[in-house]
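One structure is given below, encoded as structure tokens.
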Amino acid sequence: MTDDTIRDRLLEERSEAETRAAALEKEISSIVASMSFGATDDEHDPEGATIAFEREQAMALLADARAEIESLDRALVRMADGTYGRCEVCGGTIAPERLAARPAATRCIACASRRG
């Protein structure tokens with residue numbers, strides 16, 4: 001893969017994560033708005049627990065999307081400084097197959113599997 005191809009892939013994945021984050025932000029806003037129209041007693045309202053669960057689930061997914069954006073941003077910085085594709089632990093090369101599957105990977109397979 002060329003640097004341009006890799007950069008394009010990172011940017012595409014970042015754009016997808018941004019789109020996902022924006023949709024989740026809207027979903028959370030919608031859930032919060034719907035909560036304001038109903039009872040606020042989650043413990044005694046049969047719908048309350050479901051709404052609270054949906055909100056927490058959406059918030060967790062939003063946190064994941066934001067973390068992915070940050071990870072992809074760091075990968076773009078590594079592209080710019082010439083360290084992309086190098087393991088942050090051992091300094092070895094990260095296999096192209098691993099980068100194809102996880103473009104923001106920072107560790108080779110051996111070092112990633114030792115991480116506990």
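- Of all heavy-atom pairs spanning Leu10 and Ala75, the tightest one is CD2-CB, 3.9 Å.
- In terms of the side chain to side chain contact (heavy atoms under 4.5 Å, CB included) criterion, residue partners of Glu68 (sequence neighbours excluded) are, by chain and number, Glu13, Ala17, Arg20, Leu72.
- In terms of hydrophobic clustering, with Ile, Leu, Val, Met, Phe, Trp and Tyr side chains grouped at heavy-atom distances under 4.5 Å, Ile69 and Met79 are assigned to different clusters.
- Expressed to the nearest 0.5 Å, how far SG of Cys108 lies from CG of Leu99 amounts to 10.5 Å.
- Distance CD/Glu54 to OG/Ser30: 9.5 Å, rounded to 0.5 Å.
- Remark: Ile31 CD1 to Thr50 OG1 distance equals 11.0 Å, nearest 0.5 Å.
- In this structure the side chain of Tyr84 never reaches within 4.5 angstrom of the side chain of Leu76, judged on heavy atoms.
- Note that OG1 of Thr106 is 6.5 Å distant from CD1 of Ile94, once rounded to the nearest 0.5 Å.
- Closest of all the heavy-atom pairs between Ala58 and Leu24 is O-CD2, 4.1 Å.
- Atom CZ of residue Arg55 and atom CD1 of residue Ile28 lie 9.5 Å apart, to the nearest 0.5 angstrom.
- For Glu18, the salt bridge (charged side-chain N to carboxylate O under 4.0 Å, His left out) partners are Arg14, not counting sequence neighbours.
- Under a hydrophobic clustering in which Ile, Leu, Val, Met, Phe, Trp and Tyr are joined whenever their side-chain heavy atoms come within less than 4.5 Å, directly or via other members, Val32 and Leu61 fall into the same cluster.
- In this structure, the side chain of Arg9 engages the main chain of Ala100 through a donor-acceptor pair within 3.5 Å.
- Between the side chain of Ser15 and the main chain of Leu11, no donor-acceptor pair closer than 3.5 Å is present.
- For Val89, the side chain to side chain contact (heavy atoms under 4.5 Å, CB included) criterion is met by Cys87, Arg107, Cys111, not counting sequence neighbours.
- By the side chain to side chain donor-acceptor pair (under 3.5 Å) test, Thr93 is found to be paired with Arg86, residues two or more places apart in sequence or in another chain being considered.
- Under the side chain to side chain contact (heavy atoms under 4.5 Å, CB included) criterion, Thr83 pairs with Arg78, Asp81, sequence neighbours left out.
- For the side chain to side chain contact (heavy atoms under 4.5 Å, CB included) test, residues two or more places apart in sequence or in another chain that qualify with Glu25 are Leu62, Arg66.
- Across every non-hydrogen atom of Ala112 and Arg98, the tightest pair is CB-NH2, 3.5 Å.
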